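All values reported here derive from a predicted model rather than from experimental measurement. Each chain gets a letter, A, B and so on, in the order the sequences are listed, and its residues count up from 1. Side chains included, hydrogens not; waters and symmetry mates left out as well; all remaining heavy atoms used.
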Protein chains: 2
Amino acid sequence: MYPQLKLDNQVCFRLYTASRLITQAYRPLLEPLGITYPQYLVLLVLWEKDNLLVSDISHRLELESNTITPLLQRMEKEGLVSRSKGVVDGRQTLVSLTKKGIRLQEQAKDIPSCMTGALSHSSLCENDARTLVSTLDTIINTLKSND
Amino acid sequence: MYPQLKLDNQVCFRLYTASRLITQAYRPLLEPLGITYPQYLVLLVLWEKDNLLVSDISHRLELESNTITPLLQRMEKEGLVSRSKGVVDGRQTLVSLTKKGIRLQEQAKDIPSCMTGALSHSSLCENDARTLVSTLDTIINTLKSND
DNA sequence: AACATTTTAATCGTGTACGATATAATCATT
DNA sequence: AATGATTATATCGTACACGATTAAAATGTT
């Protein structure tokens with residue numbers, strides 16, 4: 001038996017599990033808004049800066065268009081965003097928030113503090129969180145540049 | 001604009017992205033073995049202890065049967081595991097490694113060091129990794145007990 | 001201008017995730 | 001022993017992820 005193959009020695013498994021459990025924890029918070037976690041991420045991007053190309057959202061979220069396109073189509077069907085062909089470059093698709101999409105921001109503004117609250121019930125202090133963010137950024141940047 | 005809704009302030013987005021990028025990084029390592037990352041996790045569990053119930057694997061990986069069952073069915077079709085009805089309790093399904101499944105362990109033994117190597121190209125040192133593991137465990141245990 | 005090349009999205013197919021539901025087998029009570 | 005409650009998996013439907021391919025449009029070259 002190889003010790004390096006023990007599940008408990010796998011950092012990656014923990015990342016995978018933590019990510020899944022957090023997405024699950026978001027569900028009850030996002031359900032009242034009628035959106036999923038990846039859709040929430042798209043809205044975060046658009047709330048920061050509206051009228052973006054699919055490629056802009058793609059770069060920001062590190063997701064390919066084959067993931068984002070159907071996601072945006074569902075959001076369009078829900079009336080959260082509108083999509084229009086680019087005028088400068090006809091291949092591009094411009095994504096814009098609808099009034100409904102903009103209004104959702106109000107309902108979402110307390111979600112981050114709810115999540116922080118849920119996590120700080122544990123002994124996860126401010127300082128641990130900062131270290132975590134910095135370590136994750138290191139990992140993300142390392143793996144991003146591998147393309 | 002609410003600062004708490006800025007994407008860059010979201011710990012959760014980083015976890016989500018790091019997890020996805022790591023799974024992507026595993027792909028070229030797992031492809032020669034003909035398995036996916038979740039299938040690799042199931043094998044890690046079975047390599048540690050063979051002949052487990054679906055519920056055992058479920059608890060170990062924090063995944064529900066509705067995720068694991070089809071996963072195991074694909075692995076069975078690939079000849080990596082076999083599934084049989086429990087003798088003591090007919091509701092249970094016993095999952096066992098086939099010879100092919102056992103043999104894969106040999107081919108997999110260098111995968112962890114490959115991943116560690118890829119990550120240590122960044123400035124992620126041994127110490128950061130230990131802190132990361134401990135923080136993730138805190139998060140996981142907090143969210144697990146919320147059920 | 002005509003055409004090969006590149007770029008940008010969308011489409012397609014497979015494999016997870018996961019809530020909700022169904023099925024089947026055991027257990028607890030009567 | 002019969003039946004209602006519980007438990008262990010499996011099934012179903014929806015929504016991602018992502019590699020591979022396609023389609024359309026802009027760009028570069030001759």
Side-chain angles (χ1 to χ4, degrees), chain A residues 13 15-28 30-31 34-42 52-59 61-78 80-81 83-95 143 147, chain B residues 13 15-28 30-31 33-43 52-59 61-78 80-81 83-95 143 147:
Chain A
F13 171 60
L15 270 168
Y16 167 79
T17 303
S19 172
R20 278 182 33 252
L21 292 180
I22 283 188
T23 302
Q24 285 177 34
Y26 264 107
R27 205 177 300 271
L30 295 176
E31 203 165 46
I35 56 176
T36 63
Y37 183 64
Q39 293 176 10
Y40 172 66
L41 293 179
V42 170
L52 293 176
L53 301 177
V54 170
S55 55
D56 294 327
I57 301 175
S58 174
H59 287 134
L61 299 181
E62 294 290 331
L63 287 166
E64 299 297 319
S65 75
N66 52 8
T67 297
I68 293 187
T69 294
L71 206 159
L72 289 173
Q73 287 170 343
R74 282 184 287 269
M75 293 177 77
E76 186 176 39
K77 209 186 308 185
E78 292 294 321
L80 298 172
V81 301
R83 299 187 309 145
S84 55
K85 277 274 154 243
V87 245
V88 215
D89 187 331
R91 293 166 301 182
Q92 301 179 326
T93 301
L94 191 70
V95 183
L143 294 177
D147 298 340
Chain B
F13 170 60
L15 270 168
Y16 167 79
T17 303
S19 172
R20 280 182 32 252
L21 291 179
I22 282 186
T23 303
Q24 285 177 35
Y26 265 106
R27 204 178 303 271
L30 295 176
E31 202 164 48
L33 316 201
I35 56 175
T36 63
Y37 183 64
Q39 292 175 9
Y40 172 66
L41 293 179
V42 170
L43 287 176
L52 293 176
L53 302 177
V54 170
S55 54
D56 294 327
I57 302 174
S58 174
H59 287 134
L61 300 181
E62 295 290 333
L63 287 166
E64 300 297 319
S65 74
N66 52 7
T67 297
I68 293 187
T69 296
L71 206 159
L72 288 173
Q73 286 170 342
R74 281 185 286 269
M75 292 176 78
E76 187 177 37
K77 208 185 311 182
E78 291 296 320
L80 298 172
V81 300
R83 300 187 309 146
S84 55
K85 277 271 152 248
V87 247
V88 215
D89 187 331
R91 295 168 300 180
Q92 300 178 327
T93 300
L94 190 70
V95 183
L143 296 177
D147 297 340

Report the residues that fulfil side-chain contact (heavy atoms from CB on, under 4.5 Å) with Asn66(A), sequence neighbours left out, ordered by chain and then residue number. Glu64(A)

Backbone N/O of Leu15(A) and side chain of Ser19(A): donor-acceptor pair under 3.5 Å: no

Is the shortest side-chain N/O distance from Gln73(A) to OP1 or OP2 of dT11(C) below 4.0 Å? yes

Met75(B) atom CE is separated from dG15(C) atom P, nearest whole Å, by 13 Å

With sequence neighbours excluded, what pairs up with Glu78(A) under the side-chain contact (heavy atoms from CB on, under 4.5 Å) test? Leu80(A)

Nearest heavy-atom approach of Val54(A) to Ser65(A) is CG1-CB, 4.3 Å

For Val95(A), report the nucleic acid contact type (base, sugar-phosphate, nothing); a contact means any heavy atom under 4.0 Å. nothing

List in chain and number order the residues that pass ring-ring contact (aromatic ring centres under 6.0 Å, His included) with Tyr40(B), two or more places apart in sequence or in another chain; answer none if no residue qualifies. Tyr26(B)

Taking only nitrogen or oxygen atoms into account, show me every contact under 3.5 Å that the protein makes with nucleotides 16-21 of chain C, one pair per line with its distance.
unit_1, atom_1, unit_2, atom_2, d
dT16(C), OP1, Thr36(B), OG1, 2.6
dT16(C), OP2, Gln39(B), NE2, 2.6
dT16(C), OP2, Arg74(B), NE, 2.9
dT16(C), O5', Arg74(B), NH2, 2.8
dA17(C), OP2, Tyr16(A), OH, 2.2
dC18(C), OP1, Gln24(A), NE2, 2.8
dC18(C), OP2, Arg20(A), NE, 3.0
dC18(C), OP2, Arg20(A), NH2, 3.1
dC18(C), OP2, Gln24(A), NE2, 3.3
dG19(C), N7, Asn66(B), ND2, 2.7
dG19(C), O6, Asn66(B), ND2, 2.8
dA20(C), N6, Asn66(B), ND2, 3.2

Can you name the residues that form a salt bridge (charged side-chain N to carboxylate O under 4.0 Å, His left out) with Arg27(A), not counting sequence neighbours? none

Measure the distance from CD on Glu78(B) to P on dT14(C) and round it to the nearest whole Å. 13 Å

What pairs of nitrogen or oxygen atoms, one from the protein and one from nucleotides 3-8 of chain C, lie under 3.5 Å apart?
unit_1, atom_1, unit_2, atom_2, d
dT7(C), O2, Arg91(A), NH1, 2.4

With sequence neighbours left out, what residues match Glu76(A) under side-chain contact (heavy atoms from CB on, under 4.5 Å)? Val81(A), Arg83(A)

Could I get the full list of side-chain contact (heavy atoms from CB on, under 4.5 Å) partners for Thr17(A), not counting sequence neighbours? Phe13(A), Arg20(A), Leu21(A), Glu62(B), Ile140(B)

Which residues pass the side chain to side chain donor-acceptor pair (under 3.5 Å) test with Thr93(B), not counting sequence neighbours? Lys85(B)

Applying salt bridge (charged side-chain N to carboxylate O under 4.0 Å, His left out), can you list everything that pairs with Asp89(A), at least two apart in sequence or on another chain? Arg91(A)

Below 4.0 Å from chain A heavy atoms, what is the first contacting nucleotide of DNA chain D and what is the last? dA15(D) to dA26(D)

